[in-house]
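By convention here, the first residue in the shown sequence is residue 1.
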Amino acid sequence: MTSRTASDTAAFDAVVLAGGRAARLGGADKPGVRVGGRALLDRVLSACAGAGTTVVVAAPRPTGRPVTWAREEPQGGGPLAALDAGLRRTHAELVVVLSADLPFLRPETVRRLVATLAAADGADGVLLTDPEGRDQPLVAAYRSGALRRELAGLSSAEGAAQAVGATGGAGVAETHGTTEAVGVADADGATGAVGVAEAAGSAGAAGVQVGPGARSADAVRSPRGLTGLPLRRLTARLDLVRITDPLAAFDCDTWDAIATARARIREHGHVLDEWISAVKDELGIELDVDTGILLDLARDAAHGVARPAAPLTTFLVGYAAALSTAGGGGPEAVAEAARKAAALAVRWADEDQPDEPGGTAASGAVGAGTPTASGTRAASGTQAASGTPKPSGTPTASGDQDRPGDQDRPGDQAPSGTEPGSR
């Protein structure tokens, strides 16, 4: 199998299967179960937000993102019938197929699946394996043509077998090995003839007549041939590439698994990223920014000014970035606004430092309200004689003696005989 560079790995559609019975959850509404404040289905939809079309096979429900809805026929017909119904509403050559219970699936994993498949000549699909090495066919990317071909083949073969079992035999007439008539029992026990055309090894249903009225091939194929079939019947017919991502492959099919997922996202190493993702999803924000810049700014504002300055400053930075015409409100605009605000926080904190030797104030601060050489004014209500450092821990008129965070700033020391943090 050779490889090539994919020119456009974003050209894919997505099919999310969300209509299972959730028997191991006691029949609970699994797609609606919340992990980290978000429904499992919404978490999966966020991960495949780059799809051109996203089809959810289930009964319609409110979702955080617009989707196309589909239902298998009959309802509860199993994963292959559901996949067949969803695939009919897609158009891209590549399709990502996902279950609706993947709390840790990320856009990066979806892009990796698509990019790997696009670069693998001859492969029909790429799927994840779990930590035990088991295939996860509902965390995968496939070539839609391969899926349609094999679903049609399975449907035809299974439909013929079901028909033989239902009628006790079938009259089969072959013409050059390309067309065969198969007796198929409909829901009322009536028998009709189904013409199946095959060309170049690819099976597809042609004109269909069942019972007293004509029905389309699409309406017959899924219920007759795919109902109840396991996914392995499909994947066994495909040439698949396997990649590992144990976290993304974690699914919530039991209450214990759901409890594990809820606990993990609150761990120290994950909670911040999980929270930011949840907030962006809730607010409909697609923007990816360097959160480290914002965290550094929040720290500088909290330590150099006051703790409440941290959230207010970061809010103002976001607002300024949204209004920016130069950066268009994108990551660059956020970074530039954060840089300016951080520089201001440093200048603000510098004014609280002792004067430099020789009687020159480090910050240029003089009497309260008096312009300095830089054009700035000293803090309102604070009187400090030139060359005289303000004693550490001494209250000022503005009440900044209780400024939270100052005791944590590197280089600060409590006055002799004073307990740290007593300011």
Could you tell me whether the side chain of [X] and the main chain of [Y] form a donor-acceptor pair under 3.5 Å?
X    : Y    : answer
D124 : D239 : yes
T313 : A309 : yes
D135 : P137 : no
R134 : T129 : no
R307 : H303 : no

Note to self: Quick check on E108: does its CD atom have over 12 non-hydrogen neighbours (other residues, nucleotides or ligands) under 6.0 Å away?
What the structure shows: yes
Item checked: Pair R61-D29, salt bridge (Lys or Arg N to Asp or Glu O under 4.0 Å): steps then yes or no -> CA-CA 11 Å; R61 67 171 67 218; D29 176 25; 2.6 Å; yes
With a 4.5 Å limit on heavy-atom distance, are the side chains of [X] and [Y] in contact?
X    : Y    : answer
W255 : V33  : yes
V15  : V57  : yes
L344 : K340 : no
D42  : R65  : no
P103 : L40  : yes
I243 : L128 : yes
S99  : L17  : no
I276 : D273 : no

Quick one: pull up [atom1] in [X] and [atom2] in [Y] and give me the separation to the nearest 0.5 Å.
X    : Y    : atom1 : atom2 : answer
L80  : D84  : CG    : CG    : 8.5 Å
S277 : E282 : OG    : CD    : 13.0 Å
L105 : C48  : CG    : SG    : 7.5 Å

Check: Is any NZ, NE, NH1 or NH2 atom of the basic residue among D350 and R347 found under 4.0 Å from an Asp or Glu carboxylate oxygen of the other?
Finding: no
Next item on the list: State whether R38 and D281 are salt-bridged, where the test is any N-O pair (Lys NZ or Arg NE/NH1/NH2 against Asp/Glu carboxylate O) under 4.0 Å.
Entry: yes
Notebook entry, point to check: Which of these, T53, T90, V96, sits in a side chain to side chain contact (heavy atoms under 4.5 Å, CB included) with F12?
Noted result: V96
Check: Taking V97 as the fixed residue, which of L87, L138, L113 is the one that meets the side chain to side chain contact (heavy atoms under 4.5 Å, CB included) rule?
Finding: L138
Check: Can you tell me if T109 and D245 form a side-chain donor-acceptor pair at under 3.5 Å?
Finding: yes
Checklist line | Side chains of T254 and D256, donor plus acceptor under 3.5 Å | finding: no
Next item on the list: Show the numbers, then the answer: is there a salt bridge (Lys or Arg N to Asp or Glu O under 4.0 Å) between R24 and D253?
Entry: CA-CA 6 Å; R24 299 178 70 184; D253 56 357; 2.9 Å; yes
Distance-minimising heavy-atom pair for [X] and [Y]:
X    : Y    : result
A298 : T314 : CB-CG2, 4.2 Å
A249 : D130 : CB-CA, 4.2 Å
V44  : D101 : CG2-N, 4.3 Å
D13  : A92  : OD2-N, 2.8 Å
A47  : V110 : O-CG2, 3.5 Å
Y142 : T235 : OH-CG2, 4.1 Å

Next item on the list: Begin with the C-alpha distance, continue with both residues' side-chain angles, and end with the deciding distance and a verdict on side chain to side chain contact (heavy atoms under 4.5 Å, CB included) for R242 and L240.
Entry: CA-CA 6 Å; R242 291 161 175 82; L240 300 174; 4.0 Å; yes
Margin query: Go through it in stages, so that I can follow the logic: the residues are W348 and D300, the test is side chain to side chain contact (heavy atoms under 4.5 Å, CB included), and I'd like the CA-CA distance, side-chain angles, deciding distance and then a yes or no.
Written below: CA-CA 10 Å; W348 183 290; D300 292 342; over 6 Å; no
Next item on the list: Report the residue from K280, R262, R266, R106 that forms a salt bridge (charged side-chain N to carboxylate O under 4.0 Å, His left out) with E274.
Entry: R106
Next item on the list: Just do the side chain to side chain contact (heavy atoms under 4.5 Å, CB included) check on V56 and T68 with the steps written out, would you?
Entry: CA-CA 6 Å; V56 179; T68 299; over 6 Å; no
Check: What do the steps show when you test V55 against V16 for side chain to side chain contact (heavy atoms under 4.5 Å, CB included), and what is the final call?
Finding: CA-CA 6 Å; V55 182; V16 181; over 6 Å; no
